[in-house]
2 protein chains.
Amino acid sequence: MEDFLSVLSRYALFQGVAPEEIQAILPCLGSKTRSVSKGGPVFLEGEPARWVGVLLTGMAQVVQDDYYGNRSVLAILQPGDTFGEAFSCAGIATMPVSVMALTDCEILLLDCSRVMTTCSHSCHFHTQLIQNLLKGMALKNLAFTEKIRHMSKKTTREKLLSYLLQQAKKRGAAAFTIPYDRQGLADYLGVERSAMSAELSKLKKAGLLDTKGSWFCLKDTRRDD
Amino acid sequence: MEDFLSVLSRYALFQGVAPEEIQAILPCLGSKTRSVSKGGPVFLEGEPARWVGVLLTGMAQVVQDDYYGNRSVLAILQPGDTFGEAFSCAGIATMPVSVMALTDCEILLLDCSRVMTTCSHSCHFHTQLIQNLLKGMALKNLAFTEKIRHMSKKTTREKLLSYLLQQAKKRGAAAFTIPYDRQGLADYLGVERSAMSAELSKLKKAGLLDTKGSWFCLKDTRRDD
DNA sequence: AAGTGTATGTTGTAATTCCAACAGAAAGGT
DNA sequence: ACCTTTCTGTTGGAATTACAACATACACTT
């Protein structure tokens, strides 16, 4: 249990809160842990959206079924990831998605309304927690905005350049590495891997960039296409 | 000035806070108003990301320039819209975007760190404000997630059906109206208007749906394509 | 060093989308 | 009613992507 708290303190939602402090505030938050075995549901669509979840161990996925029952995967969750907070904080009544365990999982659940509202004796660390929650959602927001910007481009080439130019700008350098392999980058940009590989080759031959594996280097030729 | 406060109380960020109460807490938040004339900058990329902005009057747009200086429009802002909060709450140092006035604008600026942190004498309405901020970001998050889900589909038809089926599901009815005209829907889904119109015609002829203007009705034929 | 499996690049064809152009329908103003 | 403007649906050819299939490169095991 002691170990559990020190692990928690490294996760984004509890950043800046020491293990002892976490132990002190968990009761304020209506916390409970739950174990879900592989393939089982963490949340089911239609359940009340009250919880902020933190995946402690294992892997899980967020899925949604459409009108006809076709299922699609919205996110893959890893230990330390926070999930469900957007639904609970948005004030919608029921979960529009399900969360399913891909492996045996341990989950920490917090009552979202208690996380959002400073408790009566206004513990100092609660403020930190709310700021972490805000920060987490803000970061997800930024990530979504970026992804949408890239995906909105018409062609594979434009999507690639949009992403790569932004990476270069973010690092302030023409050379950088990315956190994806080819398939991962294609999935992120919503394009086909082989078409993307072909496009990268063309860009290489045109002298616009160089790449090997996850390393890229943009040549600054000021072309606009 | 009195009118200004009652208008504010109708905006999302101040929902549930009465005009008098807004007047009381504005000083806690380091608030200031600013007028920007048409075409001028509200924020410029690279400025410190400290502010939560609320557009009071006029129209503005959020823009971003890439590595080569190509500009793209990320959002159009209307009165009542909150902007900049994701950058400030995420804890990044400088704004990655600029906000430009499309018409003469009046803007309310709040110091984000003061909004996020309950002030020393812990005014009650501050809690409401933080919850509104959380709720606003959560709602943006949900909207982004939905948009990405639709845009991730490969073909125009799949994007259309993804969106329409979700709308049907959300209303719990096969017939509904949408908040877009054809061009707006095409922009939202990231497809071409004329191709989308053609696809809608095909779906009509196939008996899968009926539509007139912003009204749609899905025929429940359980096809998976 | 050989063998295995995965990741990546290449190619050709079918399918889809983009783009421009246009015609009819709908909406708004005088 | 008339004109004007905007919105919508339709079409055809050019450009792009999807898909499948395969060759090569690379990492990891034995």
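Chain identifiers are assigned alphabetically (A, B, ...) following the order of the sequence lines, protein sequences preceding nucleic acid strands; residue numbering begins at 1 within each chain.
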* Asked: Excluding sequence neighbours, so at least two apart, what forms ring-ring contact (aromatic ring centres under 6.0 Å, His included) with A:Phe83?
  ->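 Only A:Phe43 meet the ring-ring contact (aromatic ring centres under 6.0 Å, His included) criterion with A:Phe83.
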* Asked: When the C1' atoms of the five terminal pairs at each end define the local axes, what inter-axis angle does the helix from C:dA1-D:dT30 to C:dT30-D:dA1 show, to 10 degrees?
  ->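 Between the first-five-pair axis and the last-five-pair axis there is 50°.
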Can you check the [X] [atom1] to [N] [atom2] distance for me, whole Å?
| X | N | atom1 | atom2 | answer |
| --- | --- | --- | --- | --- |
| B:Lys159 | C:dT16 | NZ | P | 13 Å |
| A:Lys204 | C:dT10 | NZ | C1' | 13 Å |
| A:Glu158 | C:dT17 | CD | P | 17 Å |

* Pair A:Glu199 + A:Lys159, salt bridge at N-O below 4.0 Å -> no
* 5' to 3' contact window, DNA chain D with chain A (heavy-atom distance under 4.0 Å) ->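 It runs D:dT16 to D:dC26.
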* To do: Would you please confirm or rule out a distance under 4.0 Å between OP1 or OP2 of C:dT10 and any side-chain N or O of A:Lys202?
  => no
* Mind listing the residues from residues 181-200 of chain A sitting with a heavy atom below 4.0 Å of DNA chain C? Number order is fine. =>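 Within this stretch, A:Asp181, A:Arg182, A:Gln183, A:Arg193, A:Ser194, A:Ser197 sit under 4.0 Å of the strand.
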* **Aromatic ring pairing A:Tyr163/A:His150, orientation class (parallel under 30°, perpendicular over 60°, tilted between)** =>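 Perpendicular: the ring planes of A:Tyr163 and A:His150 meet at over 60°.
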* Within residues 73-99 of chain A or reaching into it, pairs that qualify as salt bridge (charged side-chain N to carboxylate O under 4.0 Å, His left out) - sequence neighbours excluded ->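 As it turns out, the salt bridge (charged side-chain N to carboxylate O under 4.0 Å, His left out) pairs with a partner in residues 73-99 of chain A, which skip direct neighbours, are A:Glu85-A:Lys140.
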* Can you tell me if A:Arg157 and A:Ser162 form a side-chain donor-acceptor pair at under 3.5 Å? -> no
* **Under 3.5 Å side-chain donor-acceptor pair for B:Thr211 and B:Arg182** =>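 Checked: B:Thr211/B:Arg182 side chains pair up, N/O donor to acceptor below 3.5 Å.
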* Nearest 0.5 Å please: distance from the CG atom of B:Leu139 over to the CZ atom of B:Phe144. => 11.5 Å
* **Separation between CE of A:Met151 and CD of A:Glu158, rounded to the nearest 0.5 Å** => 14.5 Å
* Which residues pass the salt bridge (Lys or Arg N to Asp or Glu O under 4.0 Å) test with A:Glu146, sequence neighbours left out? -> A:Lys170
* Structure fact -> For A:Ile178 and A:Gln167, the nearest pair of non-hydrogen atoms, with its separation, is CG2-CG, 4.5 Å
